[in-house]
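Report on one structure; see the data block that follows.
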Amino acid sequence: MPKRYWLMKCEPSAYTIDDLARDGKTCWEGVRNFQARNFMRDTMQLDDGVLFYASNADPSGVTGVARIARTGYPDHYAWQKGHKYYDAKSTETEPVWFMVDLAFVERFPITVSLATLKTTRGLEEMKVVQKGSRLSVQPATKAEYQTVVRLGRKMQSTTS
DNA sequence: GCCAACGTTGGC
DNA sequence: GCCAACGTTGGC
């Protein structure tokens with residue numbers, strides 16, 4: 001099975017690429033959208049590439065790269081009464097919500113801002129640049145992934 | 001902080 | 001099954 005590529009959003013107030021660099025690995029709990037869940041539960045594979053996207057940030061954009069370190073498994077936070085991700089519809093025998101683990105790969109020297117993504121040739125079809133695109137877990141193509149990674153490393157290569 | 005776009009819920 | 005109301009996301 002060929003490697004797949006993704007973009008995953010997170011608000012900096014919740015988690016950042018620096019947090020991931022520090023932790024090395026983290027579980028991606030709290031996704032409560034069926035489409036995003038399906039990607040995590042059914043489609044993501046070990047070592048898939050993930051563009052780490054900071055939403056509601058200044059500026060919003062891709063701040064680095066992660067990889068899938070563990071494929072879909074039940075989000076146990078949904079079972080913890082009182083937890084902000086608690087959902088009575090999800091049980092241990094019939095889990096509704098799933099998560100994956102991400103491992104840190106690299107932090108870009110600069111944020112590849114949404115504005116940059118929107119004006120970069122080859123990224124016109126990317127989900128995140130479409131108007132009203134709120135899905136927090138989105139598939140990306142290999143070409144899109146490689147283009148964004150190149151942009152993220154650009155500053156480093158041109159200043160060295 | 002505003003508000004457009006979207007997903008979900010619930011009345012009918 | 002329709003659709004209005006509501007809550008959330010997320011750019012600006």
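The shown structure was predicted, so the numbers you read here are calculated from the model rather than taken from an experiment. Throughout, a chain's letter reflects where its sequence line sits, starting with A, and its residues are numbered from 1.
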Original post:
Got a sec, which residues hit ring pair (Phe, Tyr, Trp, His ring centres under 6.0 Å) with A:Phe52, two or more places apart in sequence or on another chain?
Top reply: A:Trp28

Original post:
Which heavy atom in A:Trp79 sits nearest to a heavy atom in A:Pro95, and how many Å separate them?
Top reply: CZ2-CB, 4.1 Å

Subject >> Positive for side-chain hydrogen bond (donor to acceptor under 3.5 Å, both in side chains) with A:Asp75, one of A:Arg32, A:Arg41, A:Arg37 >> reply: A:Arg32

Please list, pair by pair, any protein nitrogen or oxygen found under 3.5 Å from a nitrogen or oxygen in nucleotides 5-12 of chain C.
{"from": "C:dT8", "atom 1": "O2", "to": "A:Arg134", "atom 2": "NH1", "distance (Å)": "2.9"}
{"from": "C:dG10", "atom 1": "OP1", "to": "A:Lys9", "atom 2": "NZ", "distance (Å)": "3.0"}
{"from": "C:dG10", "atom 1": "OP1", "to": "A:Arg134", "atom 2": "O", "distance (Å)": "2.5"}
{"from": "C:dG11", "atom 1": "OP1", "to": "A:Tyr53", "atom 2": "OH", "distance (Å)": "2.7"}
{"from": "C:dG11", "atom 1": "OP2", "to": "A:Asn56", "atom 2": "N", "distance (Å)": "3.0"}
{"from": "C:dG11", "atom 1": "OP2", "to": "A:Ser60", "atom 2": "OG", "distance (Å)": "2.8"}
{"from": "C:dG11", "atom 1": "N7", "to": "A:Asn56", "atom 2": "OD1", "distance (Å)": "3.3"}
{"from": "C:dC12", "atom 1": "OP1", "to": "A:Lys118", "atom 2": "NZ", "distance (Å)": "2.9"}

Subject >> First encountered from the 5' end of DNA chain B, between A:Gly132 and A:Lys89 >> reply: A:Gly132

Original post:
Are more than 12 heavy atoms from other residues, nucleotides or ligands located less than 6.0 Å from atom CD of A:Glu125?
Top reply: no

Subject >> Atom pair OG (A:Ser136) and CZ (A:Phe39), whose distance is rounded to the nearest 0.5 Å >> reply: 10.5 Å

**OP:** Take A:Arg32 and A:Lys131, find for each the nucleotide of DNA chain B with the closest heavy atom, and name the residue whose nucleotide sits nearer the 5' end.
**Re:** A:Lys131

